[in-house]
Amino acid sequence: QVTRRLPCTYSIVQNAGRVNSKGIEAEITIKPVRILKLMAYLTYTDAKLIKTPGTFLGDIGRPVPYFPAFTSTFTLTYEKQIFSKFQFLAFTEHVYTGKRETDFRESLSLPMKEFGVINIRAGIKRNGWEVFVFGKNVGNVLGILDRTTSSVSAIRFIRTTAIPPRTLGISIVKDFQKAKVFNSKK
């Protein structure tokens with residue numbers, strides 16, 4: 001099913017017809033030393049429209065909207081015990097999203113460019129407590145998630161939804177599953 005946005009700003013949900021999706025994914029984890037872990041996830045998806053019902057407007061052979069052909073995630077984790085009671089952790093990842101389209105119809109589709117985001121995190125853990133500094137989208141990349149056209153007035157405009165900008169912060173977490181459980185006897 002796909003959402004069709006009408007010129008009057010209303011939208012309807014419509015069956016898209018038949019789609020054929022083929023792909024491959026690979027995942028690998030490498031731990032060259034006890035304190036270091038590298039992980040890679042790669043995917044390729046070829047998803048295309050192959051048949052349309054009578055009321056659906058779409059171009060046969062067009063890619064499925066919002067499905068990138070390529071995605072990947074690469075992570076690097078460093079974890080080591082320090083001061084005999086604390087666990088130090090440093091983590092970085094690069095997440096890549098390939099280019100995508102917004103519609104089955106080439107004439108109405110708005111392209112969305114590929115983008116890659118880097119996230120980082122470093123801190124300490126002890127007895128179910130975690131204190132970390134973090135950075136999300138540290139390169140302040142403009143990653144587009146959605147683009148739609150609207151013609152509420154005589155002026156046509158494009159509404160764009162993007163990923164959040166660079167975010168830096170501190171997180172403090174308590175895992176209560178690791179806390180001691182007291183049993184009361186009756």
Side-chain angles (χ1 to χ4, degrees), residues 1-3 19-48 63-103 109-148 158-183:
Q1 292 186 325
V2 293
T3 301
V19 169
N20 186 12
S21 179
K22 297 177 183 175
I24 187 168
E25 72 177 52
E27 177 180 329
I28 187 167
T29 301
I30 301 170
K31 212 167 178 186
V33 291
R34 189 177 60 82
I35 60 175
L36 192 62
K37 181 167 60 170
L38 301 128
M39 297 178 78
Y41 309 91
L42 304 165
T43 63
Y44 170 75
T45 305
D46 182 22
K48 295 192 183 321
V64 174
Y66 303 100
F67 274 76
F70 294 100
T71 62
S72 65
T73 301
F74 296 95
T75 68
L76 173 65
T77 305
Y78 174 85
E79 193 166 359
K80 183 176 181 170
Q81 188 166 345
I82 58 173
F83 307 122
S84 74
K85 293 185 179 185
F86 293 92
Q87 197 71 14
F88 173 77
L89 180 121
F91 171 85
T92 185
E93 73 176 348
H94 180 270
V95 180
Y96 169 81
T97 302
K99 64 182 181 177
R100 291 136 303 142
E101 298 285 336
T102 61
D103 201 291
S109 187
L110 300 170
M112 294 181 288
K113 293 181 181 179
E114 62 188 357
F115 64 93
V117 176
I118 296 174
N119 301 311
I120 58 173
R121 184 169 68 125
I124 56 172
K125 301 189 298 185
R126 180 173 185 228
N127 295 335
W129 283 95
E130 298 179 0
V131 179
F132 286 94
V133 293
F134 67 87
K136 295 181 179 180
N137 190 10
V138 294
N140 207 26
V141 171
L142 178 60
I144 304 299
L145 298 175
D146 189 18
R147 297 180 75 200
T148 57
I158 297 173
R159 183 181 68 209
T160 301
T161 304
I163 63 172
R166 178 187 304 119
T167 305
L168 305 173
I170 297 173
S171 68
I172 301 171
V173 176
K174 172 61 177 160
D175 183 352
F176 291 99
Q177 295 293 334
K178 293 184 179 179
K180 294 181 181 179
V181 178
F182 296 99
N183 293 325

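In what follows, residues are counted from 1 in the order of the sequence shown.
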Does Arg121 use its side chain to pair, donor to acceptor, with the backbone of Gly135 at less than 3.5 Å? no

Main-chain N/O of Phe67 paired to Arg100 side chain as donor or acceptor, under 3.5 Å: no

Using side chain to side chain contact (heavy atoms under 4.5 Å, CB included) as the criterion, list what pairs up with Leu76, not counting sequence neighbours. Leu36, Leu38, Thr92

What residues form a side chain to side chain contact (heavy atoms under 4.5 Å, CB included) with Val173, not counting sequence neighbours? Glu130

Within a reach of under 6.0 Å around CD1 of Ile170, are more than 12 heavy atoms found that belong to other residues, nucleotides or ligands? no

Which pair of non-hydrogen atoms, one from Pro68 and one from Gly98, has the smallest distance, and what is that distance? CB-O, 3.5 Å

Could you list all the side chain to side chain donor-acceptor pair (under 3.5 Å) pairs where at least one residue sits in residues 72-85, not counting sequence neighbours? Glu79-Lys125

To check you understand the geometry: which heavy-atom pair defines the closest contact between Phe70 and Tyr96, and what is its length? O-CE2, 3.7 Å

Partners of Tyr41 by side-chain hydrogen bond (donor to acceptor under 3.5 Å, both in side chains), sequence neighbours excluded? none

Using the test salt bridge (Lys or Arg N to Asp or Glu O under 4.0 Å), find all partners of Lys48 that sit at least two apart in sequence or belong to another chain. Asp46

State, to 0.1 Å, how close Pro63 and Glu101 come at their nearest heavy-atom pair, and which atoms those are. CG-CG, 4.0 Å

If I take atom CD from residue Glu114 and atom OG1 from residue Thr71, how far apart are they, to the nearest 0.5 angstrom? 12.5 Å

Under the side chain to side chain contact (heavy atoms under 4.5 Å, CB included) test, residues paired with Ala162 that sit two or more places apart: Leu142, Ile144

dist Asn127:CG -> Asp175:CG (nearest 0.5 Å) comes out at 11.0 Å

Taking ring-ring contact (aromatic ring centres under 6.0 Å, His included) as the test, write out the residues that go with Phe86, two or more places apart. none

Quick check: closest heavy atoms across Pro164 and Asn137, and the distance to 0.1 Å? O-ND2, 3.0 Å

Can you tell me if Ile158 has over 12 outside heavy atoms packed within less than 6.0 Å of its CD1? yes

Tell me the salt bridge (Lys or Arg N to Asp or Glu O under 4.0 Å) pairs involving residues 88-97, sequence neighbours left out? none

Report the distance from atom CD1 of Ile35 to atom CG of Leu89, rounding to the nearest 0.5 Å. 11.5 Å

Note, Trp129 side chain near Ile172 side chain (heavy atom, < 4.5 Å): yes

In the structure I gave you, are the side-chain heavy atoms of Phe83 and Ile124 within less than 4.5 Å of one another anywhere? no

Using the side-chain hydrogen bond (donor to acceptor under 3.5 Å, both in side chains) criterion, which residues pair with Glu25? Sequence neighbours excluded. none

In short, salt bridge (Lys or Arg N to Asp or Glu O under 4.0 Å) pairs touching residues 27-42 with sequence neighbours left out are none

Just to verify, what does Thr102 make a side chain to side chain contact (heavy atoms under 4.5 Å, CB included) with, not counting sequence neighbours? Tyr66, Ser109, Leu110, Met112, Arg147

Residues two or more places apart in sequence or in another chain: which of them pass side-chain hydrogen bond (donor to acceptor under 3.5 Å, both in side chains) with Thr161? none

Does a side-chain heavy-atom distance below 4.5 Å link Ile120 with Phe132? no

